[in-house]
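Note that the structure is predicted; figures quoted are calculated from it, not measured.
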Amino acid sequence: MATDGDNGTTESIGKLRQAHDKLRSQLSQVIVGQDHVIEELLISLFSQGHCLLEGVPGLAKTLMISTLARTLNLSFSRIQFTPDLMPADITGTEIIEENKSTGARERRFLEGPLFSHIILADEINRTPPKTQAALLESMQERQVTVGRVQHPLSDPFFVLATQNPIEQEGTYPLPEAQQDRFMFKVFVNYPTFQDEFEVARRTTTVSSDEVQAVLTGEEILALQRMVREVPITDHVIRYALSLVRQTRVDHPGTPDFIQEMVAWGAGPRAVQFLILGGKTRALMHGRTHVSTDDIQALAAPVLRHRIVVNFAAESEGVTSDTIVERLLELTPTKEDELANDARFQQIFAS
């Protein structure tokens, strides 16, 4: 016999899957293919995280984000990051104006484009570190400080940033501290032949792809709260922790290849995002619990920008994704195998 808790979880699954299906349906009217990118974008949205998209020009990164914004009944700002962009250009600034009724001169805060629900930070690696750092407080604290005054941002608040991996001249790579604020780093790859054929067909004819807003801000906040209520076993938490702690150099139980290839590993945010993302993915796939499969599916987008390979590994073509793949192969998914492995016992005891 189903309990009230079971009914509540079933209802949560139904609501989130319905929201997911509606968004996918609207996005598919404009975006061809890129299924894994869209899924990871939606997972980060429902998990209350931010997303960094990386891909060469022409892969519809900006179009994908702007279309997602149109499917949500939320305010949207696009910030084109350029070398001359200053922090005040995105946070806002204080001005002095005259009160016409009293004649007194008063300070007034003019809000910048960060005061929207969805922010598209386009080509974020083309602006200097000073302006990149202006995003840090807004992404983590959901507020900006101008002078001595703190100004709260909209809720929900979702930053989607794009960057170009091939254009290195005149760019400013994001520092690790800022990359860590992003839940996912998503690679946008070239489309398949059939998808590119469809893109060519659609974009060279007279057509109008209208999308409709299918979710409000209140509905998104409710779905984000539902995600945090999804149960997760100690074993799955232990599995996520095992993956993350193995990336840390000179820690007990770390594999030898980590010591040889990695300069810096992932921090505690990685575990939090793996678990939150796993809860969202479970609901989206119609399950009432998180499995190790969910953690495995999200390991690469969560960890790839939190693992820094050293120069020797980079010269041999080793990437952070290579490291994640090897860790997934070496980490047992079954509870008894993980608990009884001598190397992981060192990790649990440290």
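Rounding to the nearest 0.5 Å gives a distance of 6.5 Å between CG of Leu241 and CD1 of Ile275. Remark: Arg228 CZ to Leu276 CG distance equals 4.5 Å, nearest 0.5 Å. To the nearest 0.5 Å, atom CD of residue Glu316 and atom OG1 of residue Thr322 are 11.0 Å apart. Asp155 CG to Leu221 CG: the interatomic distance, rounded to the nearest 0.5 Å, is 5.0 Å. How far CG of Asp122 is from CD1 of Ile119: 12.5 Å, rounded to the nearest 0.5 Å.
For residues 328-342, the side chain to side chain donor-acceptor pair (under 3.5 Å) pairs, not counting sequence neighbours, are Gln246-Thr331. Counting only residues at least two apart or in different chains, salt bridge (charged side-chain N to carboxylate O under 4.0 Å, His left out) contacts with residues 304-313 comprise Asp180-Arg306, Arg304-Asp321.
Under a cut-off of 6.0 angstrom, the local environment of CD in Glu314 is sparse, with at most 12 non-hydrogen atoms contributed by other residues, nucleotides or ligands. Within 6.0 Å of CG in Asp84 there are more than 12 heavy atoms belonging to other residues, nucleotides or ligands.
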Could you please spell out the steps behind the side-chain contact (heavy atoms from CB on, under 4.5 Å) verdict for Leu114 and Ile79?
CA-CA 9 Å; Leu114 279 183; Ile79 306 172; 4.3 Å; yes
Could you walk me through whether Arg24 and Asp35 pass salt bridge (Lys or Arg N to Asp or Glu O under 4.0 Å), step by step?
CA-CA 9 Å; Arg24 289 295 290 261; Asp35 291 338; 3.3 Å; yes
Go through Gln178 and Gln132 one step at a time and tell me if the side chain to side chain donor-acceptor pair (under 3.5 Å) criterion holds.
CA-CA 8 Å; Gln178 180 149 349; Gln132 291 174 352; 5.6 Å; no
Could you walk me through whether Asp294 and Lys279 pass the salt bridge (Lys or Arg N to Asp or Glu O under 4.0 Å) test, one step at a time?
CA-CA 8 Å; Asp294 297 312; Lys279 290 184 174 189; over 6 Å; no
Where do Leu120 and Thr162 land on the side-chain contact (heavy atoms from CB on, under 4.5 Å) test, with the steps shown first?
CA-CA 8 Å; Leu120 167 53; Thr162 69; 4.1 Å; yes
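Counting only heavy atoms from C-beta outward, the side chains of Val308 and Val262 never approach each other to under 4.5 Å. For the pair Leu52 and Ile124, the minimum side-chain heavy-atom distance is below 4.5 Å. Looking only at side-chain heavy atoms (C-beta outward), Val271 and Leu243 stay at 4.5 Å or farther from each other. Looking only at side-chain heavy atoms (C-beta outward), Ile323 and Val318 come within less than 4.5 Å of each other. At a threshold of 4.5 Å between non-hydrogen side-chain atoms, the residues His285 and His20 do not count as touching. Proximity of Pro255 to Arg343: side-chain heavy atoms (C-beta onward) are separated by under 4.5 Å at one or more points. In this structure the side chain of Lys130 reaches within 4.5 angstrom of the side chain of Pro87, judged on heavy atoms. Between Glu123 and Gln80 the shortest side-chain heavy-atom distance falls below 4.5 Å.
Between the side chains of Tyr239 and Gln296, at least one donor-acceptor pair of N or O atoms lies under 3.5 Å.
Side chain of Thr247 to backbone of Gly265: no donor-acceptor contact under 3.5 angstrom is found. Side chain of Ser291 to main chain of Asp293: a donor-acceptor pair is present (N/O by atom type, distance under 3.5 Å, no hydrogens or angles). The main-chain N or O of Leu85 is found under 3.5 Å from a side-chain atom of Thr131 such that the two form a donor-acceptor pair.
Of all non-hydrogen atoms in Phe81 and Arg126, the two that sit nearest each other are O-CB, 3.7 Å. When all heavy atoms of Val37 and Phe187 are compared, the pair lying nearest together is CG2-O, 3.9 Å.
The side-chain contact (heavy atoms from CB on, under 4.5 Å) test applied to Ile95 returns Thr93, Glu97, Arg108, Leu110, not counting sequence neighbours.
Note: Phe109 and Phe115 have perpendicular aromatic rings, judged against thresholds of 30 and 60 degrees for the angle between ring planes. Below 30°, between 30° and 60°, or above 60°: for Phe158 and His50 the angle between ring planes is below 30°, a parallel geometry.
Taking the ring centre of Phe76 as origin, the terminal cationic atom of Arg70 falls outside the region bounded by 6.0 Å and 45° from the ring axis.
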